[in-house]
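Everything numeric in this text was worked out from a predicted model, so none of it was measured. In what follows, every chain begins at residue 1, and chains take the letters A, B, ... in the order their sequences are listed.
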2 protein chains.
Amino acid sequence: MANHHKQDIESTMQDIVKAMSAKGWRITDQRKSLATLFAEAEGFLSPKDVYDSMRQQYPGVSFDTVYRNLRLLSEMGVLEQIYLNDGLKFRARCGSHHHHHLICLQCEKTVPFEFCPMLHMAGVPADFQVVSHRFEIFGYCPSCESTASSE
Amino acid sequence: MANHHKQDIESTMQDIVKAMSAKGWRITDQRKSLATLFAEAEGFLSPKDVYDSMRQQYPGVSFDTVYRNLRLLSEMGVLEQIYLNDGLKFRARCGSHHHHHLICLQCEKTVPFEFCPMLHMAGVPADFQVVSHRFEIFGYCPSCESTASSE
DNA sequence: CTTACTGCAAAGGGTTTGCAACGTA
DNA sequence: TACGTTGCAAACCCTTTGCAGTAAG
């Protein structure tokens, strides 16, 4: 949240809700809570993270509702998934232009950067039909760097 | 196997066996079979793929033995893991120099290429301590291209 | 002969599904 | 009101673990 503007969070949250509504899905309290959660999140969240966060607002929420909505939002393209070393994680897809991320190995926060290797590449076999690519840099963000080096 | 030389397979297989032996591990028939399998494989194998292949030679082999050995070989650095869309996969780590891969979305064969984005990058925040990176290109290899486009 | 490895069976964790009650549109 | 959504419970993978028998070194 630290470097997010309050309006950005609100508008991201509204975007997610609108996207669900546009698909004809009902806007339940749990889904609003989920949208807010991902709008506020700076890094990746595991299903358990999501469950724990949502339980603070909706103590009765169940794991299967979390999974159902994570899957629906992923299929819709609102969320993106990634397997980090300790399992499947989710975050709100960056809606703007194409870019890649630095991912902190400790806090799993992400930092975007603009360099895309596909624009600079030479040497891809011409007969390979490229569909997509994945480029991530792992390491420690400024906040975690000191902690990590002292371990 | 198509573009693998027979000697390469044999030597890769021997490398894996030697690596296990050097660590003091016993060379059982199942492990020899596993080493041969990964030496011959061109793409990624799931635990189930490995289990199915090994069962052809050793009908009595069990899933836990497969998992145990996959884990041991991964921890040793002989195998590398990746999460593709349909789960965890393994392949023999390329022992030579640093490079990246094209991965076929259909047959999951891999094609190495030399371009590494880290050597060409600008714009990484200076205060981010880089540990590792991941760069993969997904698409269709020449053999799968025609099949894929007709679907 | 010693100790690691295996297979079996059972447990474990994460994720999905069937169903009746509920709440949104 | 009607139908999508939820919580519960149970089922379902995939993966790991405990144990006694087996086999490599």
Side-chain angles (χ1 to χ4, degrees), chain A residues 14 16-37 44-76 78-90 108, chain B residues 13-14 16-37 44-76 78-90:
Chain A
Q14 290 300 337
I16 297 177
V17 167
K18 276 179 199 156
M20 289 192 280
S21 188
K23 286 267 179 180
W25 299 353
R26 297 189 176 165
I27 308 308
T28 62
D29 288 343
Q30 291 92 327
R31 284 182 173 165
K32 267 187 275 193
S33 169
L34 224 175
T36 305
L37 181 61
F44 290 93
L45 301 173
S46 69
K48 183 161 193 318
D49 294 335
V50 174
Y51 175 68
D52 291 340
S53 296
M54 286 184 68
R55 270 231 296 203
Q56 292 175 15
Q57 280 194 52
Y58 300 93
V61 79
S62 63
F63 246 112
D64 31 65
T65 296
V66 170
Y67 278 110
R68 272 188 287 245
N69 285 317
L70 287 177
R71 185 146 53 108
L72 285 172
L73 287 172
S74 298
E75 285 170 3
M76 254 179 75
V78 170
L79 297 182
E80 61 185 331
Q81 308 180 13
I82 188 175
Y83 272 99
L84 299 182
N85 287 331
D86 53 340
L88 186 58
K89 301 291 175 80
F90 296 81
E108 293 186 348
Chain B
M13 187 276 198
Q14 291 301 337
I16 297 176
V17 168
K18 274 179 200 155
M20 288 192 280
S21 188
K23 285 266 179 180
W25 300 352
R26 298 188 177 167
I27 308 308
T28 63
D29 289 343
Q30 291 93 328
R31 283 182 176 166
K32 266 187 277 190
S33 169
L34 224 173
T36 304
L37 182 61
F44 290 93
L45 301 174
S46 69
K48 183 160 192 319
D49 294 334
V50 174
Y51 175 67
D52 290 340
S53 297
M54 287 184 69
R55 270 231 295 201
Q56 291 174 14
Q57 280 192 52
Y58 301 93
V61 77
S62 64
F63 246 113
D64 31 67
T65 296
V66 170
Y67 278 111
R68 271 188 287 242
N69 285 317
L70 286 177
R71 185 147 53 110
L72 285 172
L73 287 172
S74 298
E75 284 170 2
M76 254 179 77
V78 170
L79 297 182
E80 61 184 331
Q81 307 180 14
I82 188 177
Y83 272 99
L84 298 182
N85 287 331
D86 52 341
L88 187 56
K89 301 291 174 82
F90 295 81

When you measure from the side chain of [X], which nucleotide among [options] comes out closest?
| X | options | value |
| --- | --- | --- |
| B:Q30 | C:dT6, D:dG7, D:dT5 | C:dT6 |
| A:S62 | C:dC8, D:dG7, D:dC3 | D:dG7 |
| A:R26 | D:dC8, D:dG25, D:dT5 | D:dT5 |
| B:T65 | C:dG7, D:dT5, D:dG25 | C:dG7 |

Report yes or no: is there a donor-acceptor pair, N or O only, under 3.5 Å between the side chain of [X] and the base of [N]?
| X | N | answer |
| --- | --- | --- |
| B:N69 | C:dC5 | no |
| A:R71 | C:dT16 | no |
| A:R31 | D:dG4 | no |
| A:R68 | D:dG7 | yes |

Taking atom CG as the centre, does B:N85 end up with more than 12 heavy-atom neighbours from other residues, nucleotides or ligands that are less than 6.0 angstrom away?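 No.
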Determine, step by step, whether A:E108 and A:D86 satisfy the side chain to side chain contact (heavy atoms under 4.5 Å, CB included) criterion, reporting the C-alpha distance in whole Å, the side-chain angles of both residues, the deciding distance to 0.1 Å, and the verdict. CA-CA 11 Å; A:E108 293 186 348; A:D86 53 340; 3.5 Å; yes
Residue whose closest nucleotide on DNA chain C lies nearer the 5' end, B:T28 versus A:D29: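 The residue mapped nearer the 5' terminus is B:T28.
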A:S33 side chain to A:D29 main-chain N or O, any donor-acceptor pair under 3.5 Å?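 No, the answer is negative, given that no donor and acceptor are paired below the 3.5 Å cut-off.
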Polar side-chain atom of A:R31 near backbone of A:V17 as donor-acceptor pair, under 3.5 Å: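 The answer is no, because no donor-acceptor pair under 3.5 Å joins these two groups.
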When all nucleic acid strands are considered with a 4.0 Å heavy-atom cut-off, which category describes B:G87: base, sugar-phosphate, or nothing?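 Touches nothing.
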By nearest heavy atom, map B:P47 and B:W25 onto DNA chain D; which one lands nearer the 5' end?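 Taking each residue's closest nucleotide, the earlier one in sequence belongs to B:P47.
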